[in-house]
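This structure is a prediction, so every number in the text was calculated from the model and none was measured.
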Amino acid sequence: TEELEALHDAFDAASDGLVVALISGEPGVGKTSLARVFAQDLRSRGVTVCWGSCTEVGGAPAFWPWVQVVRGFGASAITSAIADLDSRSDEPFAAYDAVHDVLRNHAEHTNVIVLDDLHCADLASLDLLRFLIATAADLPLLIVGIHRLSELRADPARDVAFAAIASGARRITPSDLGIDEIRSLLAPDLPSDVAEAVLARSAGNALYVEQLVDAVWRDGPAALDHIP
């Protein structure tokens with residue numbers, strides 16, 4: 001799809017320095033599915049893709065998506081950064097610097113960070129992203145943020161931070177998934193008619209595709225016979 005090509009173009013551009021791409025849209029339009037297809041493609045080529053999911057669940061610590069990202073870079077990264085990421089969110093510079101050091105220490109090749117549900121991110125995590133945009137512009141790094149458009153106006157401070165992030169970002173809005181994207185979400189040894197059945201049932205709607213693909217992974221292709 002054009003959206004997948006746009007993400008690959010952003011990845012290619014990131015070899016010359018940090019690029020931010022924002023995948024936006026309403027719930028169910030395929031934002032996360034698009035990012036998953038992109039991530040799977042890059043991982044198959046040996047590219048490091050670190051995924052962090054934001055959450056508004058009570059008790060989640062500050063910098064939670066970045067803790068997940070740092071874990072994705074391996075044990076040495078965790079050892080060097082986790083103490084600073086556990087620091088108080090009202091004294092965040094040590095955390096900013098720790099993540100910056102992890103990224104710089106893994107900059108031999110272009111890396112990719114995906115921040116899912118960015119509209120749920122705590123202010124400290126958004127500010128860390130702003131810090132990286134300002135200080136890590138020379139690193140070969142693509143940061144992909146996924147967010148809902150309808151949930152960006154609930155917190156003025158977060159909205160200001162998000163606006164600053166979005167000002168220089170590439171914007172991507174998903175369309176319906178095609179047969180190639182659906183095949184990439186399924187096990188490679190499945191017959192091609194499984195992907196065709198998923199497409200026929202879902203009409204490419206990403207939310208329905210994801211539910212059908214999950215059923216196939218969980219119960220096998222026969223699961224499609226029991227789903228209306």
Side-chain angles (χ1 to χ4, degrees), residues 1-14 19-45 47 49-57 65 68 72 112-121 142-154 162 165-166 169-228:
T1 64
E2 291 183 6
E3 297 80 16
L4 196 56
E5 290 178 5
L7 285 171
H8 281 288
D9 287 345
F11 175 76
D12 292 341
V19 172
V20 176
L22 296 178
I23 304 175
S24 60
E26 301 304 326
V29 300
K31 303 180 296 297
T32 300
S33 295
L34 173 63
R36 285 178 178 167
V37 170
F38 177 60
Q40 288 173 357
D41 184 35
L42 292 183
R43 285 171 175 152
S44 72
R45 294 158 47 188
V47 176
V49 181
C50 297
W51 195 289
S53 295
C54 308
T55 178
E56 288 185 323
V57 173
Q68 298 167 66
V112 177
I113 293 171
V114 180
L115 300 173
D116 198 4
D117 289 334
L118 199 57
H119 54 276
C120 294
L142 171 61
I143 299 177
V144 178
I146 305 170
H147 69 93
R148 295 179 183 175
L149 289 174
S150 59
E151 298 187 26
L152 288 178
R153 303 176 186 87
F162 199 93
I165 293 164
R170 301 185 180 206
R171 307 292 189 93
I172 298 169
T173 302
S175 57
D176 290 340
L177 298 180
I179 190 68
D180 291 336
E181 290 79 26
I182 293 172
R183 285 195 182 108
S184 71
L185 294 171
L186 294 164
D189 57 344
L190 287 176
S192 61
D193 61 352
V194 176
E196 293 166 1
V198 171
L199 177 60
R201 294 285 188 89
S202 65
N205 179 279
L207 183 61
Y208 298 146
V209 168
E210 189 166 357
Q211 293 172 344
L212 293 171
V213 166
D214 286 346
V216 171
W217 275 103
R218 184 176 61 251
D219 300 320
L224 297 178
D225 296 332
H226 304 290
I227 299 174

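Here the closest heavy-atom approach between residue His119 and residue Arg148 is recorded as ND1-N, 3.0 Å. Here the shortest heavy-atom pairing between Cys54 and Cys120 reads CB-C, 4.0 Å.
Here the CG-CD1 distance, from Leu115 to Ile146, works out to 8.5 Å after rounding to the nearest 0.5 Å. Atom CZ in Arg170 sits 8.5 Å away from atom CG in Leu142 (nearest 0.5 Å). Interatomic distance, Gln68 CD to Ile113 CD1, rounded to the nearest 0.5 Å: 12.0 Å. We find the CD-CG distance between Glu5 and Asp12 to be 11.5 Å, quoted to the nearest 0.5 Å.
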Can you give each donor-acceptor pair under 3.5 Å made by side-chain atoms of residues 185-194, sequence neighbours left out, with the distance rounded to 0.1 Å?
none

Distance-only check: which donor-acceptor pairs under 3.5 Å involve side-chain atoms of residues 35-42, not counting sequence neighbours?
| unit_1 | atom_1 | unit_2 | atom_2 | d |
| --- | --- | --- | --- | --- |
| Arg36 | NH1 | Glu210 | OE2 | 2.5 |
| Asp41 | OD2 | His8 | NE2 | 2.9 |

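In this structure, Leu212 and Leu224 have side chains that are in contact, with non-hydrogen atoms separated by less than 4.5 Å. You'll find the side chain of Ser24 stays beyond 4.5 Å of the side chain of Arg171, heavy atoms only. The shortest distance between side-chain heavy atoms of Asp116 and Ser53 falls below 4.5 Å. In this structure the side chain of Leu22 reaches within 4.5 angstrom of the side chain of Leu118, judged on heavy atoms. In this structure, Leu34 and Ile172 have side chains that are in contact, with non-hydrogen atoms separated by less than 4.5 Å.
Sorted by first then second residue, the salt bridge (Lys or Arg N to Asp or Glu O under 4.0 Å) pairs that include residues 215-227, not counting sequence neighbours, number zero.
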Would you check, one step at a time, whether the test side chain to side chain contact (heavy atoms under 4.5 Å, CB included) holds for Phe11 with Leu7? CA-CA 6 Å; Phe11 175 76; Leu7 285 171; over 6 Å; no
